[in-house]
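Heads up: the structure comes next, in structure tokens.
Numbering of ligands and ligand atoms starts at 1, following listing order.
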Amino acid sequence: MQRIYYLSLEFYMGRTLQNTMVNLALQNACDEATYQLGLDMEELQEIEEDAGLGNGGLGRLAACFLDSMATLGLAAYGYGIRYEFGIFNQKICGGWQLEEADDWLRYGNPWEKARPEYMIPVHFYGRIQHDHDGVKWVDTQVVLALPYDTPVPGYRNNTVNTMRLWSARAPNEFNLKDFNVGGYIQAVLDRNLAENISRVLYPNDNFFEGKELRLKQEYFVVAATLQDIIRRFKSSKFGSRDPVRTSFDAFPDKVAIQLNDTHPSLTIPELMRVLVDIEKLDWDKVRPCMGGNGCRDFLRQARKINPQHSKSLYQGVGQRFSCIKVYAKFPGDLDRMRRMSMVEEGSVKRINMAHLCIVGSHAVNGVARIHSEILKATVFKDFYEFEPHKFQNKTNGITPRRWLVLCNPGLAEIIAERIGEDYISDLDQLKKLLAFVEDEGFIRDIAKVKQENKLKFSAYLEKEYKVKINPNSLFDIQVKRIHEYKRQLLNCLHIITFYNRIKKEPNKHFVPRTIMIGGKAAPGYHMAKMIIKLITSIGDIVNNDPVIGDRLKVIFLENYRVSLAEKVVPAADLSEQISTAGTEASGTGNMKFMLNGALTIGTMDGANVEMAEEAGEENFFIFGMRVEDVDELDRKGYCAKDYYDHIPELKQAIDQMSSGFFSPKQPDLFKDIVNMLMYHDRFKVFADYEAYIKCQEKVSALYKNTKEWTKKVIKNIATSGKFSSDRTIAQYAREIWGVEPTRQKIPAPDDPRE
Ligand SMILES: *Cc1c(COP(=O)(O)O)cnc(C)c1O
């Protein structure tokens, strides 16, 4: 059997209880049982901590993939780190973000099982010693990797896979020496140094931080996982035919390793090191058997952590992928050879890990069609021209179990009433709903479920945060990490413009809106933190202006995380996906909203392009620059001031920000933001301002007509099937891993209401 290994530094799982009940068809039975006990299942579910071992989309993708791999019956393992502290909890104090440590294991974790019998040593630092039979790595520091297993049940198919997360443990003999009393105490205290490796998730989304501890985390998960993979291979019938020395001939056919971005890319030199130096294989037997998807190239100094890697790299990859091969294909092109080098030039030799990933993998994929095309045309152009067959696309997806059945049972139910339940594991069947676009009963049901979800979310906000919102207003929602490229500031400019328009003509009719923005800022990202303060400050002015009334409310959704996404996504009318074209690799939040009956206002970026294509552009609010327009503007030179000078409403909004209209006690509070927008905005917010405002006017106009709005909602839901992670994983399986997914359905177990 082919085994799939999905390596990721992040698994953003959220809660597990309801997901388990959904996938095992136990939900009704458990509802019933708890009811009999005088308990409320929903209340019980709220007690569970989120497993927040991820930052955002990348970590959540890994979690969706685990669900789909199990549902498709693949023998797949997720491998990562069991961080003692996940993504921080966000508190908003006086409008500012404060970070609180996420002590998610405080009351224990009932879903995991420690497996000390599979504990594995991981070596760090040390030096290389040459002797008669090759090289030895000596004087290392050893850290033990203790695995914790969490079951990953497929959707009603009798499959349960495993997510194995490593925890760092100091060996018993750690710092063993001739103790005096003080030395002993210090030695015990020093165990923390080793165990810090799995202490905390780095809270950066889409940002490289070159910290030594982070690199140690990357090597830790890679080294422990590869040892585990090889141990399992050896114990299988394929690896054990020769009792003296394992044959690895079958390895590439029996093992597929998929890397989530470049974070676990040390897998490549580490696998080479293990096969050559430990297993004594010949270089040419070390066939690449890896796939990987990468977003950005980055440079690393891995030598300090594992000195043998630089040796493996120079010898191994250097030999397989020699300059000679490039030269043979492109004679005389010395510049190309230099650009494609895996060893960066300079006084300190650095390894280009992205280049290494491409060379060491048999397949490399982007995560949306536009992203894959950009990779081939820009960052990986030389590599694409050299080995075009390696480059693939796998458009991201989301699991319809968590992101529909679990979070929006009302919608799942009315869909099932029309087309049956099979769509849950075959999402393309949603297309059958196109037959109901003109069906008055279905239109009414869809609008009713949305209204119920909005009422429920309003009640939640009122109970938890003491804010009252108008449930009949248009719920306009942007939830995602706070990032300049995601352009929450463009959303802010629309809010301010909308506010100014009401103030200018207070007696005119406006379609009421509740604009909600949520997301965490990386603790060290100053501009992102200022953006949060700006949003809350705008809220303070807008929400307390009696002229505005309930025609506009601005809410910052505190501590956005998986369990909050499950509440807010089903309540959305409008999904904001407004990144600068060419900057969002795919996005997956966009897909959750589409599946849950929101319309999207978005740029032609990431998977938005394919979502609009599926839904039909007439059912999508597309605005702003395309990638080509952005490139053109770069050539011309982007000048924010030109837009400021020529668009009066934009000028008014910016002047209000800089004059302290939103921060009366501290008039220059937002000068950094204004200065950035005016003079060094890499994401060209002003260039899309006018198109965005016009597009928002169209949104309001359509929203007045509930029936026409709801028809577009139905068309969006019906055409969202492509964005199931089941489709994504089936493509990985067939086109990269070389396996055919099989889905076997089993009868649901006894369930009183099924
Ligand atoms: C889906 C999800 C994301 C990713 O959202 P994008 O809009 O694609 O950036 C981030 N955080 C959480 C909690 C999510 O559920």
Contacts of Lys684 that satisfy salt bridge (Lys or Arg N to Asp or Glu O under 4.0 Å) - sequence neighbours left out: Asp634
Can you produce the list of protein nitrogen or oxygen atoms under 3.5 Å from a nitrogen or oxygen of ligand 1, alongside each distance?
{"unit_1": "ligand 1", "atom_1": "7 (O)", "unit_2": "Lys480", "atom_2": "NZ", "d": "2.6"}
{"unit_1": "ligand 1", "atom_1": "8 (O)", "unit_2": "Thr588", "atom_2": "N", "d": "2.8"}
{"unit_1": "ligand 1", "atom_1": "8 (O)", "unit_2": "Gly589", "atom_2": "N", "d": "3.0"}
{"unit_1": "ligand 1", "atom_1": "9 (O)", "unit_2": "Lys486", "atom_2": "NZ", "d": "2.8"}
{"unit_1": "ligand 1", "atom_1": "15 (O)", "unit_2": "Lys592", "atom_2": "NZ", "d": "2.6"}

Electrostatic pair Arg402-Glu566, nearest N-O below 4.0 angstrom: yes
Under-4.0 Å salt bridge between Glu462 and Lys466: no
Any donor-acceptor N or O pair under 3.5 Å, side chains Glu209, Tyr202: no
Sidechain N-carboxylate O distance under 4.0 Å for Lys91, Glu558: no
Criterion ring-ring contact (aromatic ring centres under 6.0 Å, His included) on Tyr732 and Phe65, from CA distance to verdict: CA-CA 10 Å; Tyr732 275 96; Phe65 280 4; 5.5 Å; yes
